[in-house]
Amino acid sequence: MYDAVVLGAGVIGINTAYWLAKSGPKVAVIDRHSRPAEEASFANGGQISVSHAEPWANPQAPLQVLKWLWQEDAPLQFSPRFDMHQWSWLAKWLWQCLPHNCKRNMAEIIQLSAYSQRLLNEVSSEHKLNYQRQEKGILHFYCDQDIWQKVPRTARLMCDYGCQRQVLDKDQVLATEPALAPIADQICGGTYTEADQSGNAHEYCQQMMEVCRNVGVDFHFNSHITEVKTQHHDVRIVIRNDYTQEELYAPRIVVCLGSWSAVLLRNLGIHTDIYPAKGYSLTIPVENPDAAPNVSLTDDEHKLVFSRLGDYLRVAGTAELSGYNDDIPPERIWPLLERAKTCFPDIGDFKEISPWTGLRPATPSNLPYIGKVRGFDNLWLNSGHGTLGWTMGCGSGKLLSDMINNPQSRGTDLLHQGFSNAHSDLYF
Ligand SMILES: Cc1cc2nc3c(=O)[nH]c(=O)nc-3n(C[C@H](O)[C@H](O)[C@H](O)COP(=O)(O)OP(=O)(O)OC[C@H]3O[C@@H](n4cnc5c(N)ncnc54)[C@H](O)[C@@H]3O)c2cc1C
């Protein structure tokens, strides 16, 4: 018998299990794969980007998205479907683009992200984790003069929220990351945040699984959650593996199923605003380290990020609102490869590239759902971290664990710092 069962072993589930188990309860984690972080947390952009946490829903976004609608290799693609969930998500996303909503969301995201980064640093040094972490900051570079003109204003706004985002001219960009030399003539300028980091989320989850085991967490892999059943005000989970099917009850069941959280909860009549925003990445072996970046980069024009993960370069980005599918069409990978070749032509021969796709569990505001699900005594949710699940993961796990341990507080530690967990007020 477990005190708490965490559904999903992505970066959110692993962090949730860790903090819960550390605070006392006997915890189990259930996942359909044979190890943690095999879905959205597998090969993401790697950025811990507290100071680059602008939500997708911002006042400039609708016009930008309209321009991209007819562009085949656009960073954001929308495939309309007969799906109310998709259309209502889109309508709510437009609402979140209004300036006052965007400002509020940005403040909340930065607070949760900064809190999360602080905890991630503590956890990493306490358990001596080694996940190709780079503490060299994030450099955001711009190649479009019109967009570049507006950057100092956004940077000032981020500074108002406590981020140290420096505006750099072209020479300073190249001095910060000399590997950008091949595209020096395209760059207008950039912003740099020294405190931001990068690292391999998949590696982190594998190591945290061992840490969790050491604090008593049991992992049940190759276990598919096929159904949730209600019994009075409780839920029970139906789990199927190769040979058996069983029903499981625990006083706390925490849903951390990424994009699939929405599907599971819909079976209970609970409609969340989590919709899959599909993204792609490429992992490229670095044969010539001098030609590869060490600072994690964001290429504004192409909406791509580059992170150095040991002997590899990860390039990630693009978003598609096209429902639940995991195919990897070559035409979506091609722009990532071409841009990597343009920016860093000498890192290697680009022959052994590993393409990947993942579904970001996106909410219209980019704020996650962290809290207890209304109407049920044992059901909790930690999901919907969208573009920033790696950045917000450690803090979200702690917040949820604090809320479970002290339900009246709704997450003491972070609330005392002014975080309102606004989403939980709205939906739980
Ligand atoms: C291309 C791309 C780039 C990104 N770059 C960054 C970045 O640079 N920085 C950043 O902070 N974030 C980034 N993200 C976002 C981040 O990766 C996600 O927000 C995060 O991984 C979500 O974690 P999760 O645990 O909620 O979901 P997941 O990692 O998807 O975990 C959900 C788990 O639930 C399990 N599961 C689902 N359904 C079932 C079921 N029925 N039965 C059993 N198990 C089930 C899955 O197997 C999975 O392990 C990026 C995402 C993408 C796609």
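On a predicted model such as this, the values are computed, not experimentally measured, just so you know. Counting starts at 1 for both ligands and their atoms, following the listed order.
- Salt-bridge check for Lys103 with Glu108: failed, with every basic side-chain N at 4.0 Å or more from each acidic carboxylate O.
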Please tabulate, one pair per line, all N/O donor-acceptor pairs under 3.5 Å involving side-chain atoms of residues 350-357, not counting sequence neighbours.
from	atom 1	to	atom 2	distance (Å)
Thr357	OG1	Gly279	O	2.8

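- For ligand 1, the protein residues placed under 4.0 Å by at least one non-hydrogen atom are Gly8, Ala9, Gly10, Val11, Ile12, Asp31, Arg32, His33, Glu39, Ala40, Ser41, Asn44, Gly45, Gly46, Gln47, Ser223, His224, Ile225, Cys256, Leu257, Gly258, Trp260, Gly279, Tyr280, Trp356, Gly358, Arg360, Pro361, Gly386, Thr387, Leu388, Gly389, Trp390, Thr391.
- Looking at Gln47 and Thr298, their side chains come closer than 4.5 Å, going by heavy atoms from C-beta outward.
- Residue pairs that meet the ring-ring contact (aromatic ring centres under 6.0 Å, His included) test with at least one member in residues 291-337, sequence neighbours left out, are Trp260-Tyr324, Phe306-Phe344.
- Partners of Ser41 according to the side chain to side chain contact (heavy atoms under 4.5 Å, CB included) rule, which considers only residues two or more places apart in sequence or in another chain, are Val11, Ala37.
- Enclosure of atom CG in Asn222 by more than 12 non-hydrogen atoms of other residues, nucleotides or ligands within 6.0 angstrom is indicated.
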